[in-house]
Undergrad: 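Handing you a structure now.
For the single chain, residues carry numbers from 1 onward in sequence order. Counting starts at 1 for both ligands and their atoms, following the listed order. Note that the structure is predicted; figures quoted are calculated from it, not measured.
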Amino acid sequence: MQHTVRITVETARPEDFSRIGEIGVAAYAGVQLLSDEYAAVLRDVARRAAETVVLVARAGGEVLGSLTLAAAGGPYADLARDEELEVRMLAVDPTAQRRGVAEVLLRAAAEWAQEHGYPALVLSVVTTDGPRTPHRLYERLGYRRDPARDYVGYWEGHPQMWFYELAL
Ligand SMILES: CC(C)(COP(=O)(O)OP(=O)(O)OC[C@H]1O[C@@H](n2cnc3c(N)ncnc32)[C@H](O)[C@@H]1OP(=O)(O)O)[C@@H](O)C(=O)NCCC(=O)NCCS
């Protein structure tokens, strides 16, 4: 894969927070109906950086995307259990998509999890319209579905979610 500018990943810094929030809202607005409540959660990067780990991808100093890593039992984990670490809020700036940014972020997440002794990364993805870009991305990187942990129905109209796991 060719990149004109190298993509690097590191823990987000306070000066990145507002940009990460805006990217989250812009990216998710493209795939699902975004409630004001969820938009506010996506924008509150300061809180999740304090309570979890937020990784940020940059190229040439510019923030292009991010993801959040949430341990089981914490406020940001939807489905992680035991020692699993959950990937949440993966988002890439719509103008920087299809350049491999998400792949670099997910590889860095796996490295971070391994270094910190987690045995698996888990995540879930909206599947209302059938498999799309994120599903292909996860499967290419070695994530496996576990249909027994798929879920639907946190609230009225909640989309069908597929569960994926990457053993580390
Ligand atoms: C899903 C998402 C994070 C992917 O981000 P991304 O940075 O575009 O992902 P990548 O570039 O790594 O891969 C996306 C596609 O671009 C392709 N691609 C990557 N680098 C490329 C390059 N240099 N040239 C051409 N294509 C390339 C990949 O092969 C992949 O193709 P595929 O869809 O056929 O499998 C992004 O679309 C997004 O933010 N979506 C909205 C939020 C969301 O759905 N998040 C996931 C929730 S679970």
Undergrad: Mind checking whether Met89 has a heavy atom under 4.0 Å from ligand 1?
TA: no
Undergrad: Flag the pair Glu10 and Arg58 as a salt bridge only when some basic side-chain nitrogen lies within less than 4.0 angstrom of an acidic carboxylate oxygen.
TA: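 A salt bridge is present here (some side-chain N lies under 4.0 Å from a carboxylate O).
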Undergrad: Consider ligand 1: state whether an atom of it lies below 4.0 angstrom from any non-hydrogen atom of Gly30.
TA: no
Undergrad: Answer with side chain, backbone, both or neither: which part of Arg136 has a heavy atom less than 4.0 angstrom from an atom of ligand 1?
TA: side chain
Undergrad: Using the rule side chain to side chain contact (heavy atoms under 4.5 Å, CB included), only one of Leu69, Val125, Leu166, Leu105 pairs with Val87; which is it?
TA: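 The passing option is Leu69.
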Undergrad: Please classify the Leu137 to ligand 1 contact at 4.0 Å (heavy-atom distances, strictly less than): side chain, backbone, both or neither.
TA: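 Side chain only; the backbone of Leu137 stays clear of ligand 1.
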Undergrad: May I ask you to check whether Leu90 has an N/O atom sitting below 3.5 Å from an N/O atom of ligand 1?
TA: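 Indeed, backbone or side chain, Leu90 has an N or O that close.
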Undergrad: Tell me whether Val92 has any N or O atom under 3.5 angstrom from an N or O of ligand 1.
TA: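 Right, the criterion is met.
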Undergrad: Do any pairs count as a salt bridge (charged side-chain N to carboxylate O under 4.0 Å, His left out) and have a residue in residues 21-37, sequence neighbours left out, and if so which ones?
TA: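 Counting only pairs at least two positions apart or across chains, the salt bridge (charged side-chain N to carboxylate O under 4.0 Å, His left out) contacts touching residues 21-37 are Glu22-Arg43.
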Undergrad: Output the list of atoms in ligand 1 that are nearer than 4.0 Å to some heavy atom of Thr133, sorted by atom number.
TA: 14 (C), 33 (O)
Undergrad: Measuring from Leu106:CG to Leu121:CG, what's the distance to the nearest 0.5 Å?
TA: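 The CG atom of Leu121 is 8.5 Å from CG of Leu106, to the nearest 0.5 Å.
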Undergrad: Looking at Arg107 and Glu103, does any basic side-chain N land under 4.0 Å from a carboxylate oxygen?
TA: yes
Undergrad: For ligand 1, which is the ligand I care about here, please tell me if Pro134 has any N or O atom under 3.5 Å from one of the ligand's N or O atoms.
TA: no
Undergrad: Pair Val152, Met161 - check side chain to side chain contact (heavy atoms under 4.5 Å, CB included), show working.
TA: CA-CA 6 Å; Val152 63; Met161 305 295 283; over 6 Å; no
Undergrad: Given Met161, Arg98, Arg132, Arg140, which one has a non-hydrogen atom that is nearest to atom 26 (N) of ligand 1?
TA: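 The residue whose heavy atom sits nearest atom 26 (N) of ligand 1 is Arg98.
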Undergrad: For atom CD of Glu83, decide whether the heavy atoms of other residues, nucleotides or ligands shown that lie under 6.0 angstrom number more than 12.
TA: no
Undergrad: Looking only at distances, please establish whether an N/O atom of ligand 1 is found under 3.5 Å from an N/O atom of Tyr138.
TA: no
Undergrad: Given salt bridge (Lys or Arg N to Asp or Glu O under 4.0 Å), test Arg149 with Glu84 step by step and report yes or no.
TA: CA-CA 14 Å; Arg149 291 177 72 182; Glu84 293 170 347; 2.9 Å; yes
Undergrad: With a heavy-atom distance limit of 4.0 Å, tell me whether Tyr164 approaches ligand 1 through its side chain, its backbone, both, or neither.
TA: neither
Undergrad: Within a distance under 4.0 Å of any heavy atom of Ala91, pick out the atoms of ligand 1 and give their elements.
TA: 39 (O)
Undergrad: With sequence neighbours left out, what residues match Tyr138 under ring-ring contact (aromatic ring centres under 6.0 Å, His included)?
TA: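 Tyr138: ring-ring contact (aromatic ring centres under 6.0 Å, His included) contacts with Tyr143, Tyr164.
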Undergrad: Tell me, please: is Ser124 in heavy-atom contact with ligand 1, that is, under 4.0 Å?
TA: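 Yes, Ser124 has heavy atoms under 4.0 Å from ligand 1.
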Undergrad: Within a distance under 4.0 Å of any heavy atom of Ala27, pick out the atoms of ligand 1 and give their elements.
TA: 39 (O), 41 (C)
